Amino acid sequence: MSTPLRHGWTTGACATAATTAAYTALLTGDFPDPVEILLPKGQRPAFALAGEELLGGVAMAAVVKDAGDDPDVTHGALISSTVRHGAPGTGVVFAAGPGVGTVTKPGLPLEVGEPAINPVPRRMMREHVADVAARYGGSGDVIVEISVEHGEELARRTWNPRLGILGGLSILGTTGIVVPYSCSAWIDSIRRGIDVARAAGRRHVAGCTGSTSEKVAAELYGLPEDALLDMGDFAGAVLKYLRRHPVPRLTVAGGIGKLSKLADGHLDLHSGRSQVNPDMLAEIVRSAGGDEELAGRVRAANTALHALRLCQESGLPLGDLVAERARLTAVGVLREAPVAVDVVVIDRAGVIVGRAG
(Lines give C-alpha, C1' and ligand atoms only; values in the text may rest on other atoms or scores of the structure.)
Protein backbone atom coordinates (compact mmCIF):
# COMPACT_ATOMS: atom_id res chain seq x y z
CA MET A 1 0.00 0.00 0.00
CA SER A 2 1.36 3.44 -0.91
CA THR A 3 1.90 6.03 1.80
CA PRO A 4 0.39 9.49 1.21
CA LEU A 5 2.96 12.14 0.37
CA ARG A 6 3.77 14.46 3.25
CA HIS A 7 2.98 18.17 2.96
CA GLY A 8 5.57 20.76 3.95
CA TRP A 9 5.81 24.47 4.73
CA THR A 10 6.61 27.38 2.43
CA THR A 11 9.51 29.76 2.95
CA GLY A 12 6.87 32.37 3.79
CA ALA A 13 5.45 30.25 6.62
CA CYS A 14 8.96 29.59 7.97
CA ALA A 15 9.85 33.29 7.83
CA THR A 16 6.60 34.13 9.63
CA ALA A 17 7.34 31.61 12.39
CA ALA A 18 10.89 32.93 12.81
CA THR A 19 9.65 36.55 12.87
CA THR A 20 6.96 35.76 15.43
CA ALA A 21 9.48 34.08 17.73
CA ALA A 22 12.05 36.86 17.33
CA TYR A 23 9.61 39.71 17.99
CA THR A 24 8.16 37.87 20.98
CA ALA A 25 11.67 37.57 22.42
CA LEU A 26 12.40 41.22 21.67
CA LEU A 27 9.39 42.24 23.79
CA THR A 28 9.50 39.58 26.52
CA GLY A 29 13.05 38.25 26.65
CA ASP A 30 11.89 34.70 25.92
CA PHE A 31 11.67 32.78 22.65
CA PRO A 32 8.54 30.64 22.24
CA ASP A 33 9.70 27.18 21.15
CA PRO A 34 7.92 25.70 19.38
CA VAL A 35 6.27 28.78 17.91
CA GLU A 36 2.75 28.53 16.53
CA ILE A 37 1.45 30.61 13.61
CA LEU A 38 -1.88 31.00 11.84
CA LEU A 39 -1.88 30.21 8.10
CA PRO A 40 -4.19 31.94 5.58
CA LYS A 41 -6.60 28.97 5.46
CA GLY A 42 -6.82 28.58 9.22
CA GLN A 43 -4.23 25.89 9.98
CA ARG A 44 -2.06 26.41 13.07
CA PRO A 45 1.28 24.62 12.63
CA ALA A 46 4.04 24.83 15.24
CA PHE A 47 7.70 25.23 14.29
CA ALA A 48 10.72 24.21 16.35
CA LEU A 49 13.45 26.84 16.49
CA ALA A 50 16.82 25.87 15.04
CA GLY A 51 18.56 28.98 16.34
CA GLU A 52 17.93 31.98 18.59
CA GLU A 53 19.87 35.02 19.75
CA LEU A 54 18.89 38.07 21.80
CA LEU A 55 21.49 40.79 22.13
CA GLY A 56 21.38 44.58 22.50
CA GLY A 57 17.84 45.22 21.34
CA VAL A 58 18.05 42.80 18.41
CA ALA A 59 16.45 39.35 18.30
CA MET A 60 17.09 36.56 15.80
CA ALA A 61 15.20 33.30 15.41
CA ALA A 62 15.72 30.60 12.79
CA VAL A 63 13.64 27.72 11.41
CA VAL A 64 14.67 24.83 9.14
CA LYS A 65 12.49 24.66 6.02
CA ASP A 66 10.67 21.32 5.75
CA ALA A 67 9.19 20.89 2.27
CA GLY A 68 7.68 17.50 3.14
CA ASP A 69 7.95 15.08 0.23
CA ASP A 70 8.18 17.83 -2.39
CA PRO A 71 11.50 18.05 -4.31
CA ASP A 72 11.87 21.70 -3.30
CA VAL A 73 15.24 23.43 -3.77
CA THR A 74 14.85 25.08 -0.34
CA HIS A 75 14.15 21.87 1.60
CA GLY A 76 16.43 21.85 4.64
CA ALA A 77 17.44 25.50 4.27
CA LEU A 78 17.87 27.57 7.43
CA ILE A 79 15.55 30.58 7.31
CA SER A 80 16.14 33.28 9.91
CA SER A 81 14.47 36.51 10.90
CA THR A 82 16.31 39.30 12.66
CA VAL A 83 13.94 41.81 14.28
CA ARG A 84 14.83 45.22 15.71
CA HIS A 85 12.74 48.21 16.75
CA GLY A 86 11.94 50.69 13.98
CA ALA A 87 11.10 54.38 13.98
CA PRO A 88 7.69 55.26 15.44
CA GLY A 89 4.89 55.06 12.91
CA THR A 90 6.83 53.12 10.29
CA GLY A 91 5.05 49.78 10.84
CA VAL A 92 6.82 46.68 9.54
CA VAL A 93 9.76 47.42 7.24
CA PHE A 94 11.25 44.44 5.39
CA ALA A 95 14.92 44.00 4.55
CA ALA A 96 16.79 41.36 2.57
CA GLY A 97 19.46 39.65 4.62
CA PRO A 98 22.08 37.27 3.22
CA GLY A 99 20.55 34.76 0.83
CA VAL A 100 17.37 36.72 0.09
CA GLY A 101 17.15 38.39 -3.30
CA THR A 102 16.38 41.96 -4.33
CA VAL A 103 14.01 42.88 -7.18
CA THR A 104 15.86 44.59 -10.07
CA LYS A 105 13.30 44.38 -12.91
CA PRO A 106 9.73 45.66 -13.21
CA GLY A 107 6.81 43.30 -13.82
CA LEU A 108 6.79 41.47 -10.48
CA PRO A 109 4.27 42.14 -7.67
CA LEU A 110 7.04 44.06 -5.85
CA GLU A 111 8.68 47.36 -6.66
CA VAL A 112 12.24 47.49 -8.01
CA GLY A 113 14.67 47.69 -5.10
CA GLU A 114 12.42 45.80 -2.71
CA PRO A 115 13.51 42.59 -0.97
CA ALA A 116 12.06 39.54 -2.72
CA ILE A 117 9.52 38.79 -0.02
CA ASN A 118 6.20 38.18 -1.75
CA PRO A 119 2.92 39.91 -0.81
CA VAL A 120 1.27 37.03 1.10
CA PRO A 121 4.31 36.29 3.33
CA ARG A 122 4.57 40.05 4.00
CA ARG A 123 0.92 40.13 5.04
CA MET A 124 1.37 37.07 7.27
CA MET A 125 4.37 38.62 9.00
CA ARG A 126 2.61 41.97 9.47
CA GLU A 127 -0.40 40.23 11.01
CA HIS A 128 1.74 38.20 13.39
CA VAL A 129 3.81 41.24 14.39
CA ALA A 130 0.57 43.09 15.16
CA ASP A 131 -0.71 40.15 17.21
CA VAL A 132 2.53 39.93 19.23
CA ALA A 133 2.54 43.72 19.73
CA ALA A 134 -1.05 43.66 21.02
CA ARG A 135 -0.30 40.76 23.36
CA TYR A 136 2.90 42.16 24.91
CA GLY A 137 2.51 45.91 24.62
CA GLY A 138 4.75 46.58 21.62
CA SER A 139 4.40 49.36 19.04
CA GLY A 140 4.52 47.05 16.02
CA ASP A 141 7.15 49.34 14.45
CA VAL A 142 9.93 46.95 13.52
CA ILE A 143 12.56 46.20 10.90
CA VAL A 144 12.35 42.56 9.84
CA GLU A 145 15.39 41.18 8.03
CA ILE A 146 14.91 37.74 6.47
CA SER A 147 17.92 35.59 5.58
CA VAL A 148 18.36 32.15 3.99
CA GLU A 149 21.57 30.24 4.59
CA HIS A 150 23.26 29.49 1.22
CA GLY A 151 20.32 31.24 -0.45
CA GLU A 152 22.39 32.91 -3.15
CA GLU A 153 23.78 29.54 -4.22
CA LEU A 154 20.34 27.88 -4.13
CA ALA A 155 18.82 30.72 -6.17
CA ARG A 156 20.94 29.78 -9.17
CA ARG A 157 18.75 26.66 -9.46
CA THR A 158 15.57 28.74 -9.67
CA TRP A 159 14.03 31.28 -12.06
CA ASN A 160 15.20 34.18 -9.88
CA PRO A 161 18.21 35.36 -11.94
CA ARG A 162 16.09 35.42 -15.11
CA LEU A 163 13.29 37.32 -13.35
CA GLY A 164 15.78 39.93 -12.19
CA ILE A 165 15.77 38.82 -8.55
CA LEU A 166 19.44 39.02 -7.63
CA GLY A 167 21.42 38.02 -4.57
CA GLY A 168 19.32 35.14 -3.35
CA LEU A 169 15.98 33.39 -3.06
CA SER A 170 12.44 34.70 -2.89
CA ILE A 171 10.29 34.26 0.22
CA LEU A 172 7.19 32.65 -1.26
CA GLY A 173 3.85 31.07 -0.49
CA THR A 174 0.15 31.85 -0.75
CA THR A 175 -1.23 29.23 1.66
CA GLY A 176 1.86 28.50 3.77
CA ILE A 177 1.68 24.83 2.76
CA VAL A 178 3.82 23.04 0.17
CA VAL A 179 1.77 20.42 -1.68
CA PRO A 180 4.06 17.57 -2.79
CA TYR A 181 4.85 17.63 -6.51
CA SER A 182 2.60 20.65 -6.94
CA CYS A 183 2.59 22.31 -10.35
CA SER A 184 1.51 25.65 -8.93
CA ALA A 185 4.98 27.05 -8.22
CA TRP A 186 6.22 26.29 -11.75
CA ILE A 187 3.10 27.76 -13.33
CA ASP A 188 3.42 30.86 -11.16
CA SER A 189 7.04 31.23 -12.34
CA ILE A 190 5.85 31.04 -15.96
CA ARG A 191 3.34 33.82 -15.32
CA ARG A 192 5.92 36.00 -13.57
CA GLY A 193 8.30 35.39 -16.48
CA ILE A 194 5.70 36.69 -18.93
CA ASP A 195 5.04 39.69 -16.66
CA VAL A 196 8.76 40.54 -16.58
CA ALA A 197 9.11 40.14 -20.37
CA ARG A 198 6.13 42.45 -20.95
CA ALA A 199 7.42 45.02 -18.48
CA ALA A 200 10.79 44.97 -20.27
CA GLY A 201 9.01 45.68 -23.58
CA ARG A 202 9.80 42.31 -25.13
CA ARG A 203 7.76 41.69 -28.27
CA HIS A 204 8.89 38.10 -28.77
CA VAL A 205 9.02 35.37 -26.12
CA ALA A 206 9.83 31.66 -26.37
CA GLY A 207 8.16 28.90 -24.38
CA CYS A 208 10.69 26.07 -24.21
CA THR A 209 10.33 22.54 -22.88
CA GLY A 210 13.92 22.30 -21.67
CA SER A 211 17.42 23.76 -21.68
CA THR A 212 18.33 22.40 -25.14
CA SER A 213 15.28 23.90 -26.87
CA GLU A 214 15.84 27.12 -24.92
CA LYS A 215 19.38 27.40 -26.27
CA VAL A 216 18.14 26.73 -29.82
CA ALA A 217 15.42 29.40 -29.58
CA ALA A 218 17.81 31.96 -28.10
CA GLU A 219 20.38 31.42 -30.84
CA LEU A 220 17.82 31.20 -33.65
CA TYR A 221 16.10 34.47 -32.81
CA GLY A 222 18.67 36.33 -30.72
CA LEU A 223 16.36 36.40 -27.72
CA PRO A 224 17.59 37.81 -24.40
CA GLU A 225 17.31 35.73 -21.24
CA ASP A 226 14.20 37.50 -19.93
CA ALA A 227 12.33 36.55 -23.13
CA LEU A 228 12.88 32.83 -22.50
CA LEU A 229 10.14 30.99 -20.59
CA ASP A 230 11.04 27.68 -18.95
CA MET A 231 7.72 26.13 -19.99
CA GLY A 232 8.61 22.55 -19.09
CA ASP A 233 5.49 20.43 -19.52
CA PHE A 234 3.08 23.33 -18.97
CA ALA A 235 2.27 24.50 -22.49
CA GLY A 236 -1.27 25.32 -21.41
CA ALA A 237 -0.03 27.66 -18.68
CA VAL A 238 1.98 29.69 -21.21
CA LEU A 239 -0.82 29.86 -23.77
CA LYS A 240 -3.64 30.67 -21.33
CA TYR A 241 -1.67 33.43 -19.61
CA LEU A 242 -0.62 34.94 -22.95
CA ARG A 243 -4.27 34.86 -24.01
CA ARG A 244 -5.00 37.33 -21.19
CA HIS A 245 -1.62 39.13 -21.26
CA PRO A 246 -0.48 38.99 -24.90
CA VAL A 247 2.97 39.47 -26.37
CA PRO A 248 3.08 40.04 -30.16
CA ARG A 249 5.05 36.88 -30.93
CA LEU A 250 5.46 33.49 -29.30
CA THR A 251 7.84 30.73 -30.29
CA VAL A 252 7.11 27.28 -28.90
CA ALA A 253 10.25 25.15 -28.92
CA GLY A 254 10.73 21.55 -27.83
CA GLY A 255 11.54 17.98 -28.67
CA ILE A 256 9.56 15.93 -31.12
CA GLY A 257 7.99 13.83 -28.36
CA LYS A 258 6.51 16.64 -26.29
CA LEU A 259 5.46 18.67 -29.32
CA SER A 260 3.76 15.60 -30.79
CA LYS A 261 1.57 15.67 -27.69
CA LEU A 262 0.82 19.35 -28.24
CA ALA A 263 0.00 18.52 -31.86
CA ASP A 264 -2.50 15.99 -30.53
CA GLY A 265 -4.21 18.64 -28.43
CA HIS A 266 -2.57 17.99 -25.05
CA LEU A 267 -1.63 21.07 -23.01
CA ASP A 268 0.10 19.18 -20.17
CA LEU A 269 3.07 17.43 -21.75
CA HIS A 270 4.20 15.43 -18.71
CA SER A 271 4.78 11.73 -19.44
CA GLY A 272 2.52 10.76 -16.55
CA ARG A 273 -0.40 12.83 -17.82
CA SER A 274 -0.23 12.54 -21.62
CA GLN A 275 1.25 10.14 -24.13
CA VAL A 276 2.46 10.34 -27.73
CA ASN A 277 -0.35 9.07 -29.95
CA PRO A 278 1.08 6.77 -32.67
CA ASP A 279 -2.26 6.71 -34.49
CA MET A 280 -2.16 10.49 -34.80
CA LEU A 281 1.38 10.36 -36.19
CA ALA A 282 0.35 7.70 -38.70
CA GLU A 283 -2.63 9.83 -39.74
CA ILE A 284 -0.28 12.80 -40.30
CA VAL A 285 1.88 10.60 -42.50
CA ARG A 286 -1.10 9.53 -44.61
CA SER A 287 -2.46 13.08 -44.90
CA ALA A 288 0.95 14.21 -46.21
CA GLY A 289 0.93 11.59 -48.95
CA GLY A 290 2.85 8.84 -47.19
CA ASP A 291 1.93 5.29 -48.16
CA GLU A 292 0.27 2.75 -45.87
CA GLU A 293 3.51 0.87 -45.38
CA LEU A 294 5.21 3.95 -43.91
CA ALA A 295 2.12 4.83 -41.88
CA GLY A 296 2.15 1.34 -40.41
CA ARG A 297 5.83 1.57 -39.50
CA VAL A 298 5.22 4.94 -37.84
CA ARG A 299 2.30 3.52 -35.87
CA ALA A 300 4.56 0.72 -34.64
CA ALA A 301 7.51 3.01 -33.82
CA ASN A 302 8.89 2.91 -30.28
CA THR A 303 8.99 6.69 -29.86
CA ALA A 304 8.14 9.89 -31.68
CA LEU A 305 11.86 10.28 -32.41
CA HIS A 306 11.88 6.80 -33.97
CA ALA A 307 8.87 7.80 -36.10
CA LEU A 308 10.71 10.95 -37.16
CA ARG A 309 13.76 8.95 -38.28
CA LEU A 310 11.57 6.59 -40.32
CA CYS A 311 9.96 9.54 -42.08
CA GLN A 312 13.29 11.27 -42.68
CA GLU A 313 14.55 8.11 -44.41
CA SER A 314 11.46 8.23 -46.64
CA GLY A 315 11.77 11.95 -47.38
CA LEU A 316 8.59 12.89 -45.52
CA PRO A 317 8.93 16.03 -43.29
CA LEU A 318 7.21 14.71 -40.15
CA GLY A 319 8.91 17.36 -38.00
CA ASP A 320 7.39 20.18 -40.03
CA LEU A 321 3.98 18.49 -40.00
CA VAL A 322 4.05 18.02 -36.22
CA ALA A 323 5.17 21.64 -35.83
CA GLU A 324 2.20 22.87 -37.87
CA ARG A 325 -0.30 20.79 -35.89
CA ALA A 326 1.24 21.98 -32.62
CA ARG A 327 0.99 25.56 -33.88
CA LEU A 328 -2.71 25.08 -34.65
CA THR A 329 -3.29 23.76 -31.10
CA ALA A 330 -1.54 26.82 -29.69
CA VAL A 331 -3.51 29.23 -31.88
CA GLY A 332 -6.72 27.53 -30.77
CA VAL A 333 -5.91 28.07 -27.10
CA LEU A 334 -4.88 31.69 -27.71
CA ARG A 335 -8.24 32.28 -29.46
CA GLU A 336 -8.41 35.88 -30.65
CA ALA A 337 -5.37 37.09 -28.69
CA PRO A 338 -2.99 39.16 -30.89
CA VAL A 339 -0.13 36.66 -30.64
CA ALA A 340 1.63 35.29 -33.73
CA VAL A 341 2.89 31.75 -33.13
CA ASP A 342 5.71 29.75 -34.63
CA VAL A 343 6.94 26.33 -33.55
CA VAL A 344 10.45 24.85 -33.58
CA VAL A 345 10.91 21.09 -33.19
CA ILE A 346 14.30 19.65 -32.27
CA ASP A 347 15.86 16.25 -31.74
CA ARG A 348 17.84 15.24 -28.65
CA ALA A 349 21.03 16.73 -30.02
CA GLY A 350 19.37 20.13 -30.47
CA VAL A 351 19.16 19.87 -34.25
CA ILE A 352 16.09 21.57 -35.71
CA VAL A 353 13.96 18.87 -37.36
CA GLY A 354 10.77 20.83 -37.94
CA ARG A 355 9.39 24.38 -38.10
CA ALA A 356 6.03 26.00 -38.72
CA GLY A 357 4.71 29.54 -38.78
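Position 1 is the first residue of the sequence, and the numbers go up from there. Model, not experiment: these values are computed from the prediction. Both backbone and side-chain heavy atoms feed into the values below; hydrogens, waters and symmetry mates do not.
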Side-chain heavy atoms nearer than 4.5 Å, only ILVMFWY residues, links allowed to pass through others: does that put [X] and [Y] together?
X: Val252; Y: Leu269; value: yes
X: Leu172; Y: Leu108; value: no
X: Ile143; Y: Met124; value: no
X: Val341; Y: Val322; value: yes
X: Ile165; Y: Val196; value: yes

Where [X] and [Y] come nearest, the two heavy atoms and their spacing:
X: Thr209; Y: Lys258; value: CB-CD, 3.9 Å
X: Val298; Y: Cys311; value: CG2-SG, 3.7 Å
X: Trp159; Y: Ser189; value: CZ3-O, 3.2 Å
X: Ala96; Y: Gly101; value: CB-O, 3.9 Å
X: Gly210; Y: Ser213; value: O-OG, 3.0 Å
X: Ala46; Y: Pro34; value: CB-CB, 4.0 Å

Validation row: [X], [Y] side chains within 4.5 angstrom (heavy atoms):
X: Val63; Y: Leu49; value: yes
X: Arg244; Y: Ile194; value: no
X: Thr19; Y: Val142; value: no
X: Pro119; Y: Arg123; value: no
X: Val238; Y: Leu242; value: yes
X: Asp66; Y: Phe47; value: no
X: Val132; Y: Leu27; value: yes
X: Leu223; Y: His204; value: yes

Quick one: [atom1] on [X] to [atom2] on [Y], what's the gap to the nearest 0.5 Å?
X: Thr10; Y: Asn118; atom1: OG1; atom2: CG; result: 10.0 Å
X: Arg191; Y: Trp186; atom1: CZ; atom2: CH2; result: 15.0 Å
X: Tyr241; Y: Asp195; atom1: OH; atom2: CG; result: 3.5 Å
X: Glu145; Y: Arg84; atom1: CD; atom2: CZ; result: 6.0 Å
X: Leu220; Y: Lys215; atom1: CG; atom2: NZ; result: 13.5 Å
X: Ile187; Y: Arg192; atom1: CD1; atom2: CZ; result: 12.0 Å

- Task: Can you spot which of Ile146, Val100, Thr74 makes a side chain to side chain contact (heavy atoms under 4.5 Å, CB included) with Leu169?
- Result: Thr74
- Task: Identify which one of Met125, Arg122, Arg126, Glu127 satisfies the side chain to side chain contact (heavy atoms under 4.5 Å, CB included) criterion when paired with Thr16.
- Result: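 The side chain to side chain contact (heavy atoms under 4.5 Å, CB included) with Thr16 is passed solely by Met125 among Met125, Arg122, Arg126, Glu127.
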Return yes if some donor-acceptor pair links the side-chain N/O of [X] with the main-chain N/O of [Y] below 3.5 Å, else return no.
X: Ser139; Y: Asp141; answer: yes
X: Lys261; Y: Ser274; answer: yes
X: Thr158; Y: Asn160; answer: yes
X: Thr329; Y: Leu262; answer: yes

- Task: Assess whether side chain to side chain contact (heavy atoms under 4.5 Å, CB included) is satisfied between Leu54 and Asp30, documenting all intermediate values.
- Result: CA-CA 9 Å; Leu54 180 61; Asp30 292 317; over 6 Å; no
- Given the rule in the side chain to side chain contact (heavy atoms under 4.5 Å, CB included) test, do Val343 and Leu259 qualify, once you have shown the distances and angles that lead to the verdict? CA-CA 9 Å; Val343 175; Leu259 293 193; 3.7 Å; yes
- With side chain to side chain contact (heavy atoms under 4.5 Å, CB included) as the test, would you mind laying out the steps for Leu38 and His128 before giving the verdict? CA-CA 8 Å; Leu38 175 64; His128 283 75; 4.1 Å; yes
- Could you tell me whether His150 atom NE2 has more than 12 heavy atoms of other residues or ligands within 6.0 Å of it?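 No, because the 6.0 Å sphere around NE2 of His150 holds 12 heavy atoms or fewer from other groups.
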- Task: State whether the number of non-hydrogen atoms from other residues, nucleotides or ligands found under 6.0 Å of Arg335 atom CZ is greater than 12.
- Result: no
- Query: Are Arg297 and Glu292 close enough for a salt bridge, meaning some N to O gap below 4.0 Å?
  - Reply: no
- Answer yes when Arg286 and Glu283 have at least one side-chain N-carboxylate O distance shorter than 4.0 Å, and no when they do not. no
- Query: Got a sec, which pairs hit side chain to side chain donor-acceptor pair (under 3.5 Å) with one end in residues 342-357, sequence neighbours left out?
  - Reply: Tyr221-Asp342, Tyr221-Arg355, Arg249-Asp342, Thr251-Asp342, Arg309-Asp347
- Query: Among pairs that include at least one residue of residues 93-110, which meet side chain to side chain donor-acceptor pair (under 3.5 Å), considering only residues two or more places apart or in two chains?
  - Reply: Lys105-Asp226
- Message: With side chain to side chain contact (heavy atoms under 4.5 Å, CB included) as the criterion, how do Glu313 and Leu310 come out once you've worked through the C-alpha distance, each side chain's angles and the decisive distance to 0.1 Å?
- Response: CA-CA 5 Å; Glu313 291 168 3; Leu310 293 172; 4.2 Å; yes
- Message: Is it the case that the side chains of Ser260 and Asn277 hold a donor-acceptor pair, with the cut-off being a distance below 3.5 Å and no angle test?
- Response: no
